[in-house]
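Accompanying notes for the structure given below.
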Amino acid sequence: MALSAEPQTIGGVDHGPAKGASKLALESRLVIPASGFEPAPEVPMPNIFPLEWEVKTEELAALYEKSKVQAWNPATLPWDDLDPSQYTAEERLGIMYWYAVLANFDGSGPAVFGRAMIHSYEVHAEDPLRKCFFSVTRDEMNHEECCQRAIAKVMPGGPLRFEVKTALDRAALNNIQWLYHNGGRYWRGYSNSIDKYPLSVLFTSFLMGEVAASTLFYGMAHKTTSPVFKQVFTRVGQDESRHLAICIKMLENDWPRLNQAHKDLITRQLRAGFVFLSMILWEPPNLFWELPNYFIPNHRVLMDAARQAGLGVLSYDEQAENWRIAIARVKKVVEDWGIKFPAIPELDISGVDVSNITAADIIPVF
Ligand SMILES: [Fe+2]
Ligand SMILES: [Fe+2]
């Protein structure tokens, strides 16, 4: 644009004289010490925000964009088609129980990934990675909302304050209370670990959770006889596959920098992932979980009630097979990176012996 003495107006606002003149006028008002500007103090680390948007991994930026395109709203799913009167009281309890078990994982998702997102800002991770964590936090809030809506529909007051009338109700409530107790123990371990480990170690734990989640929801979307739950599982499964892709991309970048101590820690984390996630994918082994000895027999009864309702819960053997396939995928990925896989004797998977998993070892989320 040619310089002009006329005042420049944009959208009716007077922006003063033309560019050249404006620059001179502004510079004449500056205060510049004879010795030059003083450098600002170094920003101490960890510091909550990097004040720049560095993009190192275009694929992560693309995954974040995909999360926006695939956005969905749990509130607009056809919940009204889910008629509680089509189920028996036992089936309604079974659906509520399965969702309560899931909520024990999904309920922690927003806080766990929110915490990880803050951490990614503190360590000045690249911009697309910070954004990906934000999108996972957003997704997990939707997944938690699905638990909330499904339970509200079939069992108002659930999972902890529904009207308890029968022995089956009492058994369900007691099992859910025990699960909740264990969920609280998991948070402390996770929260203490986040500053201790590099992001890639955390991501390997997440990898196990995302593989588990995408496998679970894919299987249930195929098996459920309810059109509403089919939509829910399909949407959630799509999100979980994207979370998995984020984890794998991040780890592809990072694994060459892992030292042997980190690799050993990852081996341990993978075993912890199996122990923790088996509660929702299959049945929990006798490690970490503090449960009364009647928990599993009652859990089986309640899972049968959910199956009977057509929720899409796989059989015990189908669950074991699904879990085995999912774990084989993770095993292949991490072994390609020179990380040893733990033995999973419960599923006849050989590897490094890792025993004694405690609450402090549990990082994996869903
Ligand atoms: Fe999720
Ligand atoms: Fe996820």
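We're numbering straight along the sequence, starting at 1. Whatever order the structure lists ligands and atoms in, that order sets their numbers, starting from 1. Side chains included, hydrogens not; waters and symmetry mates left out as well; all remaining heavy atoms used. Quantities reported herein were computed from a predicted structural model and do not represent experimental measurements.
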- request: For a side chain to side chain contact (heavy atoms under 4.5 Å, CB included) with Pro110, tell me which candidate from Arg115, His143, Glu144 qualifies.
  value: Glu144
task: May I ask you to check if any N/O/S atom from Asp106 comes under 2.8 Å of the Fe ion (ligand 1)?
output: no
message: Grouping I, L, V, M, F, W and Y whenever their side-chain heavy atoms are under 4.5 Å apart, do Tyr218 and Leu311 come out in a common cluster?
response: no
- request: Among the N/O/S atoms of Glu240, select the one at the shortest distance from the Fe ion (ligand 2) and name it.
  value: OE1
message: For N/O/S atoms only: which one belongs to His243 and is nearest the Fe ion (ligand 2)?
response: ND1
Please table the atom pairs, donor to acceptor, closer than 3.5 Å between any side-chain atom in residues 148-165 and protein atoms at least two apart or in another chain.
{"residue": "Arg149", "atom": "NE", "partner": "Glu145", "partner atom": "OE2", "Å": "2.8"}
{"residue": "Arg149", "atom": "NH2", "partner": "Glu145", "partner atom": "OE2", "Å": "3.1"}
{"residue": "Lys153", "atom": "NZ", "partner": "Trp79", "partner atom": "O", "Å": "3.4"}

task: Might you work through the side-chain contact (heavy atoms from CB on, under 4.5 Å) test for Asn104 and Met279, ending with a clear yes or no?
output: CA-CA 10 Å; Asn104 208 56; Met279 183 71 244; 5.8 Å; no
- prompt: Any side-chain heavy atom of Gln319 sitting closer than 4.5 Å to one from Val313?
  reply: yes
task: Tell me, please, if Asp139 has any N/O/S atom, main chain or side chain, under 2.8 Å from the Fe ion (ligand 2)?
output: no
message: So, 2.8 Å as the limit: is an N/O/S atom of Glu210 located closer than that to the Fe ion (ligand 2)?
response: yes
query: With the Fe ion (ligand 1) at the center, what angle do OE1 from Glu140 and ND1 from His143 span, rounded to 10 degrees?
result: 90°
